[in-house]
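Index from 1, following the sequence. First listed ligand is number 1; within each ligand, the first listed atom is number 1.
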Amino acid sequence: MARFHPLTVAAVDRITDDSVALTFAVPAELREDYRHAAGQHLALRRTVDGTEIRRTYSICSPAPAPDGEAPRTLRVGVRLVDGGAFSTYALKEIAVGDKVEVMVPAGRFTLEPSAGLYAAVVGGSGITPVLSIVSTLLAREPDASFCLIRSDRTSASTMFLEEVADLKDRYPQRFQLVTVLSREEQQAGLPSGRLDQERLTGLLPALLPVERVAGWFLCGPLGLVEGAERALRGLGVSRSRIHEEIFHVDATPVAPSAIPAPAHSTVTARLDGRGGTWPVQDGESLLDAVLRNRPDAPYACKGGVCGTCRAFLVSGEVRMDRNFALEPEETEAGYVLACQSHPATEKVELDFDR
Ligand code: FES
């Protein structure tokens, strides 16, 4: 659940002009709590002028084997977002020795290593979780290979250049890398321009046997992920083989719902084994209704992107504003994003423990 612990910053590495990698030391007694799967993220929080700010950042370091020792450190990538309250602090203020409130790892954009061919299309800081996925997969599974297609503006703005080049050196037969730079056409030998649906539809079959790829990992800005998904679907890839994680969704206005909201509604929620029933105020999300009574309810982005607030809808109906986090099979199985859900029936029951 949403357990935070203060972790000490062990290293701050500047990786481009506008991004850093933060390494946190994990004390021995918390190591099992911070054991993570490749592709998961950490929510970090701080309070500014009485307001709590939370942001999620993907772990870029490899994940431990299930029977291996839990890591002593965790490394995340942080790219500066214009006016970003947390990323500005991370780039300009955080120093070695500082304590930062870090939530235990979460997220389902993950790959459990197994034999086969895998591929990723990433844009910008979308490389961060995929770096963990690729390095974990290739180290743990000798019969796995990976094709990484990454795009960025320029090579100077490309995060984890060295780490990705190391993978290329270490696994020349099993790791294929294609870099596309949108603002660097003059670079000899490198493709340039934007990775959109049309481009990927032509590029992917030329790079690898699309139908043999066991899992596709799409990560980056909304436009890139949507375009890559459409290209893959057009090439006959089933949705169940496509995994997505979206960064930077602008706060687009949500269309008014056709489902009328009940005049009075309550939410019953089960969280860490304890339950309760509380009124939902007009217009507020189920997450906010729960948080007023249970401040330990899990969330990070409150924007429908990170999936931290996922809950099982036990009974009643909800209307979700946006969902960029749950896969179709999760919504079909009955999961909702509490931060985006509003009651459509007088009583709604959620289970955050399932
Ligand atoms: S808190 Fe991130 S999706 Fe709800």
May I ask you to decide if the ring planes of F109 and F217 are parallel, tilted or perpendicular, using 30° and 60° as cut-offs?
perpendicular

Tally, protein N/O/S atoms nearer to atom 2 (Fe) of ligand 1 than 2.8 Å
2

Taking the six-membered ring of Y299, is NZ or CZ of R54 closer than 6.0 Å to its centre and within 45° of its axis?
yes

Measure the shortest side-chain to side-chain distance between L337 and M320 over non-hydrogen atoms and say whether it is less than 4.5 angstrom.
yes

Mark yes or no for whether R174, through its side chain, and L138, through its backbone, hold a donor-acceptor pair below 3.5 Å.
yes

Donor-acceptor contact below 3.5 Å, side chain E349 vs main chain S315
no

Kindly indicate whether the side chain of T154, heavy atoms from C-beta on, has any atom under 4.5 Å from the side chain of L181.
no

